[in-house]
Number of protein chains: 2
Amino acid sequence: MRVVTDRLPHTLRSDALDNRERILDAARALFSADGLDVPMREVARRAGVGPATLYRHFPTKQALVADASADQLQACRAIVDEGCADPDPWRGLCMVIEKICELHALDRGFTEAFLSAYPGVTDVAAGREYTVQEVAELARRAKEAGRLRSDFVLDDLILVLMANKGIHAASAATQVKASRRFSGLVIQAFEACPRHAPLPPAARLASAPPQGLSR
Amino acid sequence: MRVVTDRLPHTLRSDALDNRERILDAARALFSADGLDVPMREVARRAGVGPATLYRHFPTKQALVADASADQLQACRAIVDEGCADPDPWRGLCMVIEKICELHALDRGFTEAFLSAYPGVTDVAAGREYTVQEVAELARRAKEAGRLRSDFVLDDLILVLMANKGIHAASAATQVKASRRFSGLVIQAFEACPRHAPLPPAARLASAPPQGLSR
DNA sequence: ACCCAGACGGACGGGGGCGTCCGTTACCGT
DNA sequence: ACGGTAACGGACGCCCCCGTCCGTCTGGGT
């Protein structure tokens with residue numbers, strides 16, 4: 001083990017910075033389209049760099065995933081914040097569900113990172129926690145307003161996101177269309193309605209199995 | 001349509017028959033728990049046979065998947081037939097959705113085969129077509145009875161099954177629990193209800209049609 | 001212009017899955 | 001009991017991915 005790991009120059013050389021950006025661009029594109037199950041080599045090839053350069057910038061796949069997912073994570077937080085800011089909590093909640101489902105439909109890799117809670121992708125895991133907690137408050141208010149069914153639990157949100165992840169289509173356009181239809185259905189199921197029978201008990205869904213990061 | 005492929009002895013030797021059964025048992029167990037992404041070697045190991053024996057009995061993975069899924073496929077047909085036999089089409093439809101979701105929750109490999117996650121398993125694909133067509137008739141009757149929302153389309157069923165596939169949990173028990181909660185939600189979303197707003201347009205998800213023309 | 005640390009990438013050894021070949025085993029009919 | 005052959009499985013060569021080493025190159029400070 002190295003002892004003195006600090007003392008690194010915090011300024012990268014221009015070519016190194018350039019490569020770093022191209023690697024992240026490549027990773028974003030590939031992860032988004034194909035999920036996290038992409039060989040590191042493939043990312044390097046697409047970025048036009050050698051494997052060693054890739055590993056120098058991102059020693060582990062988790063590090064790469066975390067940095068490549070930063071934008072989407074930010075988008076996620078923005079959606080949730082916007083939903084919470086809506087004076088009508090039910091409308092805000094619906095918007096959050098729709099938008100997040102759509103976001104996930106457009107970025108398979110981010111979806112996997114978001115739902116996996118893989119040790120090492122701590123940034124994403126923390127982002128998910130933030131999202132979930134914010135939505136918890138939003139849901140509380142929506143229940144209070146009598147619009148969200150009283151037997152809704154937070155795990156239902158995870159359930160919906162996992163389910164949304166299962167939806168696959170040939171084209172991105174179809175994917176989004178299907179995802180929209182799905183979130184529409186789910187929202188109507190969540191809406192408080194006297195005709196609705198009680199639901200089966202909810203299940204504890206802490207996290208999904210770490211899939212795709214093993215390579 | 002089989003031509004005159006029969007020249008070989010249709011009677012396997014006793015040890016061969018025994019191995020075939022053990023291979024299928026191993027495949028069923030592994031596919032069910034871990035999905036179809038299991039190395040052929042792993043199936044062979046579990047069955048206690050060499051790789052060559054496995055490949056002799058099942059030249060391709062599709063062949064193995066098809067035979068290993070036969071039971072579940074039969075169960076699927078039985079569920080659908082039972083649902084169609086119910087004098088109350090809405091109750092029959094609900095039962096079909098619940099039971100099939102549960103079946104899929106308990107067998108990940110079959111789910112993947114059923115949803116054509118694995119191309120070329122024609123038997124299973126045909127079974128799915130049968131299922132879907134039977135449910136189509138059931139749905140028609142449920143709409144006629146005014147219990148199923150009029151804007152339900154068959155692709156919604158595929159959508160639900162794909163979504164159900166996305167749900168993963170640590171234990172089989174939790175998995176089934178989550179799946180039940182999920183099917184409960186979607187059933188309520190499907191139920192005709194004056195308070196329900198119209199849904200976003202459905203997406204074409206059928207992934208079967210262009211098959212069997214060439215080759 | 002010079003220099004050298006920081007950055008690059010080709011190449012290497014290891015591991016695992018794939019599908020097949022071929023020498024050996026043992027089932028089954030006579 | 002015996003022979004022929006169906007059936008077996010260890011072993012092979014192939015390919016892809018992994019993470020690292022090391023010789024080469026170049027950016028940017030003097």
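A note on names: the letters A, B, ... follow the listed sequences, proteins ahead of strands, and every chain is numbered from 1.
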(request) Find which nucleotide of DNA chain C each of B:R45 and A:L17 is nearest to by heavy atoms, and output the residue with the more 5' nucleotide. (result)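 Its nearest nucleotide being more 5', the pick is A:L17.
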
So, is [X] near the phosphate of [N], with a side-chain N or O under 4.0 Å from OP1 or OP2?
X: B:T53; N: D:dA7; answer: no
X: B:H57; N: D:dC8; answer: yes
X: B:N19; N: D:dA7; answer: no

Please list each protein N or O that sits under 3.5 Å from an N or O in nucleotides 24-28 of chain D, with the distance.
unit_1 : atom_1 : unit_2 : atom_2 : d
D:dG27 : O3'    : A:S14  : OG     : 3.4
D:dG28 : OP1    : A:S14  : N      : 3.0
D:dG28 : OP1    : A:S14  : OG     : 3.1
D:dG28 : OP2    : A:S14  : OG     : 3.4

(request) Measure from CD on B:E42 to C1' on C:dC18 and round the result to the nearest Å. (result)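 Those two atoms, CD and C1', are 15 Å apart.
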
(request) Whole angstrom is fine here: how far is it from CZ in A:F58 over to P in C:dA7? (result)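 Taking atom P of C:dA7 as the reference, CZ of A:F58 is at 13 Å.
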
side-chain contact (heavy atoms from CB on, under 4.5 Å) against [X], all qualifying residues, sequence neighbours excluded:
X: A:D86; result: A:D88, A:R91
X: A:D15; result: A:R13
X: B:R180; result: A:P200, B:E102, B:V176

(request) Find out whether the Lys NZ or Arg CZ of B:R149 is both under 6.0 angstrom from the six-membered ring centre of B:F190 and within 45° of the ring's axis. (result)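 Verdict for B:F190: no cation-pi partner in B:R149.
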
(request) Look up atom CD in B:Q62 and atom OG in B:S69, then write down how far apart they are to the nearest 0.5 Å. (result)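 Between B:Q62 CD and B:S69 OG, I get 11.5 Å after rounding to 0.5 Å.
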
Among all residues two or more places apart in sequence or in another chain, which pass the side-chain hydrogen bond (donor to acceptor under 3.5 Å, both in side chains) test with [X]?
X: B:R20; value: B:D67
X: B:S179; value: B:N164
X: B:D34; value: none
X: B:R46; value: none

(request) State plainly whether the residues B:D25 and B:R28 are in salt-bridge range, i.e. N to O under 4.0 Å. (result)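 A salt bridge links B:D25 with B:R28.
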
(message) Among residues 21-39 of chain B, which ones have heavy-atom contacts with DNA chain C below 4.0 Å?
(response)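 Residues of residues 21-39 of chain B under 4.0 Å from DNA chain C: B:P39.
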
(request) Enumerate the residues from residues 60-68 of chain B whose closest heavy atom to DNA chain C is under 4.0 Å, giving them by residue number; use none for an empty result. (result)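 The stretch gives none, as no residue of it lies under 4.0 Å from the strand.
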
(request) Can you run down the side-chain hydrogen bond (donor to acceptor under 3.5 Å, both in side chains) pairs that involve residues 35-44 of chain B, sequence neighbours left out, and say none if there aren't any? (result)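 For residues 35-44 of chain B: B:E42-B:R45.
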
Which pairs, protein N/O on one side and nucleotides 19-24 of chain C N/O on the other, fall under 3.5 Å?
unit_1 : atom_1 : unit_2 : atom_2 : d
C:dG19 : OP2    : B:Y55  : OH     : 2.5
C:dG19 : N7     : B:R41  : NH1    : 3.1
C:dG19 : O6     : B:R41  : NH1    : 3.4
C:dG19 : O6     : B:R41  : NH2    : 2.4

(request) Look at the side chain of B:E191 and the backbone N and O of B:W90, then say whether any donor-acceptor pair between them is shorter than 3.5 Å. (result)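 Not confirmed, B:E191 side chain does not pair with B:W90 backbone.
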
(message) Using 30° and 60° as the class boundaries, would you call the ring planes of B:H104 and B:F114 parallel, tilted or perpendicular?
(response)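 Correct class here is perpendicular.
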
